[in-house]
2 protein chains.
Amino acid sequence: MKMRDKILATATSLFESRGIQASGVDTIIAEAGIAKATLYKHFPSKNLLITSYLREKSDRFYEWLNSSLVSKKATSLEILISLCELVEQWIMTPEFHGLPFHIAAVEFPEPDHPINQYSAVLAVELQGYLSKIAATAGAKDPEALGQQLTILFEGAALVERLSPGSGAASRAKNAAITLIRASI
Amino acid sequence: MKMRDKILATATSLFESRGIQASGVDTIIAEAGIAKATLYKHFPSKNLLITSYLREKSDRFYEWLNSSLVSKKATSLEILISLCELVEQWIMTPEFHGLPFHIAAVEFPEPDHPINQYSAVLAVELQGYLSKIAATAGAKDPEALGQQLTILFEGAALVERLSPGSGAASRAKNAAITLIRASI
DNA sequence: TGTAATATTCAGACAGGTCTGTTCACTTAT
DNA sequence: ATAAGTGAACAGACCTGTCTGAATATTACA
């Protein structure tokens, strides 16, 4: 399982710095220092490599969010506030390069392309995650608040990526808190 | 000037339906029914064709917004509300395929690529436009509100594109109005 | 421990296709 | 006669995915 992780790590780094389409298989194997046949043994096609990358990134994100949230003992409203702060923090880490499934969806815009479809699934997952937290926090319309938070976070991720240092993540956090207070 | 417009219109349609990178020069000229030399006479490189497309789209958007806004005689707060409704309306038109400069920035992620740089300029332009309206409307912190609206609109554009029919534009409009009321 | 069997990885060539951009001689307008 | 457009070929580079034979690890058994 070591080789697989090494390939995935190299691919992740290239996908996020140069883009997915711009990172050819030859570049990935050169950067990882492996043979092409090895890559194709672990990932029978580039599409499978891409979806594995997307799945991995989502899993890590939710893992990190969950473990950070449970460590705080707090009222339900405070959990929502903590969530906003964690998302801000996450966007501001130097390793952040935008929401992976967003980038993938833009790079593969055709609706029947497997990458686009998988990206849509991951987007729905995120919204469901946020709506669930809004529900347990007692929001009047959890689905509405969940989607508004999704929009804010995705927008902030985009703006911060395109204009680094513009403070978009912090402004989005403040906007999110305003919306939360208005809907509890 | 007719040929130039025809090329630009064909390129626009292909860029927005299939993506920019996925729309090769050969596809564009085939769709437009012209010779390759003709395209390269009007646009010496594909990059120039792309930037022309981005400029054109931005110009048309601001033209439409401005003319729609001045036709309404209203208080300053009402102008901000109208703005939100217009943006929602614009996102919901069937011709909408996401913010062009966003898509371009994602497709060309390297910071020194001319397309990425031009996209950043257009993103700043949008935020300045919204901040200016927030200022004339008397917002307490026009720059903050302008950026929050930018984040909401860009996020809504993304979500609506990835999950059509999810009502993201409408929810973003409501969120925007909440934020506006909170900052006036 | 020693050795044989098995699995993994290697470097590189290859096929068949795509891409941007250039150039050519020929034809059509104005 | 000046300018613009056509069709087609071409260069040089890139792409994904397949395949080969040799080198290297890993495992199993004695």
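Lettering follows sequence order; numbering is per chain, from 1.
Between B:Ile20 atom CD1 and C:dC19 atom P the separation is 15 Å, expressed in whole Å. A:Arg4 places its CZ atom 18 Å from the C1' atom of C:dA7, with the value rounded to the nearest Å. Across the protein-nucleic acid pair, A:Asp5 atom CG and C:dT8 atom P stand 16 Å apart, rounded to whole Å. Atom CD1 in B:Ile7 sits roughly 14 Å away from atom P in C:dG21 (whole-Å rounding). Atom CG of A:Leu14 is separated from atom C1' of D:dT16 by 16 Å (rounded to the nearest Å). Counting to the nearest Å, the P atom of C:dC19 and the CG atom of B:Leu49 are 15 Å from each other. Straight-line distance from the CD1 atom of B:Ile29 to the P atom of D:dA8: 11 Å, rounded to whole Å. Summarising the geometry, the separation between CD1 on A:Ile34 and P on C:dG12 is reported as 15 Å, rounded to the nearest angstrom.
The existence of a salt bridge linking B:Arg161 and B:Glu16 is excluded, since no basic side-chain nitrogen approaches an acidic carboxylate oxygen closer than 4.0 Å. Electrostatic pairing of B:Lys6 and B:Glu31 does not count as a salt bridge here, judged by no charged N lying under 4.0 Å from a carboxylate O. Look at A:Glu88 and A:Arg171 and you find no salt bridge, because none of the NZ, NE, NH1 or NH2 atoms lies under 4.0 Å from a carboxylate O.
Judged by distance alone, the side chain of A:Ser23 and the main-chain N or O of A:Leu14 form a donor-acceptor pair under 3.5 Å. Judged purely by atom type and a 3.5 angstrom limit, B:Glu160 uses its side chain to pair as donor or acceptor with the backbone of B:Gly165.
Contact annotation: the side chain of A:Ile180 approaches that of A:Cys84 to within less than 4.5 Å [non-hydrogen atoms, C-beta and beyond].
Remark: B:Ala37, B:Thr38, B:Lys41, B:His42 in residues 36-44 of chain B come within less than 4.0 Å of DNA chain D through at least one heavy atom.
In the set D:dT16, C:dC10, C:dT20, the nucleotide with an atom closest to the side chain of A:Lys46 is D:dT16.
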